[in-house]
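A quick write-up on the structure given underneath.
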There are 2 protein chains.
Amino acid sequence: MVVFAGQGDPRRSLSLLWRADAPPPTRGGPGPKPRLSVDAIVAAAVALADEEGMGALSMRAVGDRLGRTAMALYTYVPGKSELLDLMYDAVHAELPTAYPESDPADWRAALTAWAGEVLEFHVRHPWVLQVSQARPVLGPHEYAGLDTLVTLLRATGLEAGVLRRLVGTLFPFVRGSAQAVADARLAAAATGSSDEEWWAARSAALLELVPDFAERFPAVSGLEAEGPVEPYPGEGTEGAEAVPYPEREARETFRVGLGVLLDGIEAARVGRT
Amino acid sequence: MVVFAGQGDPRRSLSLLWRADAPPPTRGGPGPKPRLSVDAIVAAAVALADEEGMGALSMRAVGDRLGRTAMALYTYVPGKSELLDLMYDAVHAELPTAYPESDPADWRAALTAWAGEVLEFHVRHPWVLQVSQARPVLGPHEYAGLDTLVTLLRATGLEAGVLRRLVGTLFPFVRGSAQAVADARLAAAATGSSDEEWWAARSAALLELVPDFAERFPAVSGLEAEGPVEPYPGEGTEGAEAVPYPEREARETFRVGLGVLLDGIEAARVGRT
DNA sequence: CTTGATACCTTACGGCGTAAGGAATGACCC
DNA sequence: GGGTCATTCCTTACGCCGTAAGGTATCAAG
């Protein structure tokens with residue numbers, strides 16, 4: 001399921017996101033003092049989503065975590081979709097925001113580091129990948145993260161038009177890679193079965209049900225048979241066996257894909273500058 | 001919301017996917033004749049998702065479309081997640097399966113055509129993008145589509161290990177691009193407001209709430225100010241004004257991103273072959 | 001002490017997926 | 001021809017969900 005965000009009143013959503021609400025300091029008005037806050041709710045919701053996944057995120061569950069009912073949250077937040085916006089932007093504060101020491105000539109290293117950090121960010125908060133990208137949330141931290149990427153890309157010297165499209169290519173690429181890594185982990189964790197077990201059950205059933213698999217899909221079969229499953233080439237093996245195979249494969253795909261993308265950017269630089 | 005698929009009994013799911021069930025022909029057993037079929041249910045569900053989106057997909061709604069109750073579906077399908085698997089694989093029959101006439105030397109053109117078709121496929125069935133990729137569905141049509149891509153990539157002459165990772169790069173790239181296009185359309189259609197209106201409301205509120213935007217995010221602001229918004233460069237303008245701006249931008253990002261990726265593949269070919 | 005705004009609660013409504021069990025159907029065996 | 005019984009499809013119900021409506025307790029200001 002994909003959760004949609006950003007559908008309420010834009011004014012209200014944005015002023016929550018940018019924390020431009022009425023300033024509470026010293027404003028002791030009538031009525032009981034608030035025992036919650038937007039930040040506390042967002043923090044509880046993020047913790048819940050991190051620990052138990054997007055499927056477990058319900059207003060009742062968030063309320064429970066704070067020792068309150070679901071309806072109590074509606075005093076602070078207009079609804080679930082706005083809460084999701086706030087969660088989304090809140091975690092994006094973890095994105096890298098600057099590489100002050102980096103050499104502008106070495107845009108490749110900087111972009112590689114950036115992509116790695118953004119990948120880890122999404123692996124840490126996999127539910128972020130389930131927030132629909134339709135209608136961007138437009139929160140401060142997401143903008144800050146975007147600003148960092150644009151700054152790094154500037155170092156390539158490419159023109160603004162191409163740069164804009166590169167942003168639109170790099171972000172989805174990292175998201176897609178993170179999705180693959182997260183999926184690999186999820187598969188390993190789900191139903192207590194290891195990834196080997198899962199694959200074993202699946203491929204045994206497949207082989208039985210589709211005996212002519214190799215003939216029907218020669219290219220895929222060839223690829224699976226041909227490629228020797230190696231550890232990271234050109235990298236030390238220490239501790240490598242701790243990462244299960246599907247995740248290792250997903251990370252390697254990320255590494256290779258990023259290399260291809262950066263090679264392509266290099267080509268664009270040489271060709272057009 | 002992201003909908004998860006593929007969690008039921010693997011045996012049952014796979015035999016449904018590959019239609020390896022007990023053969024019904026001439027088998028007139030006891031009991032009333034089935035007035036539905038797996039295919040009819042899947043077709044109705046796909047039509048529903050195409051027309052009204054994933055959010056409208058419920059067992060009751062699918063049942064209604066077939067003049068039956070929700071529970072009637074459970075005779076044919078174990079549950080909603082398996083139905084989703086079946087829908088997913090069923091539409092993947094639309095993926096291109098072969099380019100018999102293509103010149104193997106011109107892998108670039110072939111991959112470009114492939115990517116374009118896969119993009120259109122996802123734009124036609126945007127709900128496919130909301131099916132979680134965790135635990136691949138492993139259906140026949142998805143495999144067929146995969147086989148086609150691998151065949152095209154073979155023409156690059158790269159080794160199997162790299163090829164496998166390129167598959168993992170290209171597919172998410174096209175999916176990400178399709179997501180952007182679909183989002184652009186969704187934004188245009190939602191709440192009856194055009195994309196201009198939506199952006200206008202949003203950016204007006206942003207400007208008011210965050211007057212120092214340009215100072216806080218100089219790179220992003222610069223990019224937006226700098227890049228002249230042009231139509232497709234190097235392409236005829238006929239009919240181009242019919243496509244609204246955000247979608248045009250998303251498609252251009254796809255075009256540029258794909259070019260960068262193919263340049264990167266070219267570089268890998270030259271460098272390592 | 002009264003007023004009135006505010007935080008939080010309980011209750012309830014209409015949705016969801018689906019478990020449980022009953023009614024109708026219709027090919028088979030006697 | 002009538003009983004048997006697997007099978008299709010139905011109704012009902014349960015426990016979730018987001019959230020509308022309205023009540024109650026709290027507390028500063030007049």
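First the proteins, then the strands, lettered A, B, ... as listed; each starts at 1.
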Item to complete: For A:Glu51, check salt bridge (charged side-chain N to carboxylate O under 4.0 Å, His left out) against everything at least two apart and list the hits.
Response: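 A:Glu51 satisfies salt bridge (charged side-chain N to carboxylate O under 4.0 Å, His left out) with A:Arg65 once adjacent residues are dropped.
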
Discussion item. Just to verify, what does B:Arg216 make a salt bridge (charged side-chain N to carboxylate O under 4.0 Å, His left out) with, not counting sequence neighbours?
Written reply: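 Partners of B:Arg216 under the salt bridge (charged side-chain N to carboxylate O under 4.0 Å, His left out) test: none.
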
Discussion item. Quick check on DNA chain C: between B:Met59 and B:Lys33, whose nearest nucleotide comes earlier from the 5' end?
Written reply: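 Its nucleotide being nearer the 5' end, the pick is B:Met59.
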
Item to complete: Apply ring pair (Phe, Tyr, Trp, His ring centres under 6.0 Å) to A:Phe217 and list each qualifying residue two or more places apart in sequence or on a separate chain.
Response: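 In terms of ring pair (Phe, Tyr, Trp, His ring centres under 6.0 Å), with neighbours along the sequence ignored, A:Phe217 is linked to A:Phe213, B:Tyr143.
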
Practice prompt. For A:His92, check ring pair (Phe, Tyr, Trp, His ring centres under 6.0 Å) against everything at least two apart and list the hits.
Written response: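 Testing A:His92 for ring pair (Phe, Tyr, Trp, His ring centres under 6.0 Å), a comparison that skips the adjacent residues, returns A:Tyr88, A:Phe121.
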
Fill in: Watson-Crick or G-U stems involving DNA chain C, each at least 3 pairs long, distances under 3.5 Å, ordered by first number
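Consecutive-pair runs (3 or more) involving DNA chain C: C:1-30 with D:1-30.
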
Worksheet item: What is the nucleic acid contact for B:Arg35, judged by heavy atoms within less than 4.0 Å: base, sugar-phosphate only, or nothing?
Response: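 The residue B:Arg35 makes sugar-phosphate contact but no base contact.
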
Practice prompt. Select base, sugar-phosphate, or nothing to describe what B:Leu66 touches, counting heavy atoms under 4.0 Å on all strands.
Written response: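 Nothing: the residue B:Leu66, judged by heavy atoms under 4.0 Å, touches no strand.
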
Scan the side chains in residues 36-50 of chain B for donor-acceptor partners under 3.5 Å anywhere in the protein, sequence neighbours excluded, and list what turns up.
unit_1	atom_1	unit_2	atom_2	d
B:Ser37	OG	B:Ala40	N	3.0
B:Asp39	OD1	B:Arg19	NH2	2.9
B:Asp50	OD1	B:His125	ND1	2.7
B:Asp50	OD1	B:Trp127	NE1	2.7
B:Asp50	OD2	B:His125	ND1	3.1

Worksheet entry | Non-neighbouring partners of B:Glu52 that pass side-chain hydrogen bond (donor to acceptor under 3.5 Å, both in side chains), sequence neighbours left out |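 Partners of B:Glu52 under the side-chain hydrogen bond (donor to acceptor under 3.5 Å, both in side chains) test: none.
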
Worksheet entry | Nucleic acid contacts of residues 43-52 of chain B, taken as heavy-atom distances under 4.0 Å to DNA chain C |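 None - not one residue of the stretch has a heavy atom sitting under 4.0 Å from the strand.
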
Fill in: Residues within residues 67-75 of chain A bordering DNA chain C, heavy-atom distance below 4.0 Å
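Those residues whose heavy atoms fall under 4.0 Å from DNA chain C, taken from residues 67-75 of chain A in numerical order, are A:Arg68, A:Thr69, A:Met71, A:Ala72, A:Thr75.
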
With [X] via side chain to side chain contact (heavy atoms under 4.5 Å, CB included) - residues at least two apart:
X       : answer
A:Pro96 : A:Tyr99, A:Trp114, A:Glu117, A:Val118
A:Thr69 : A:Met71, A:Ala72
A:Pro32 : none

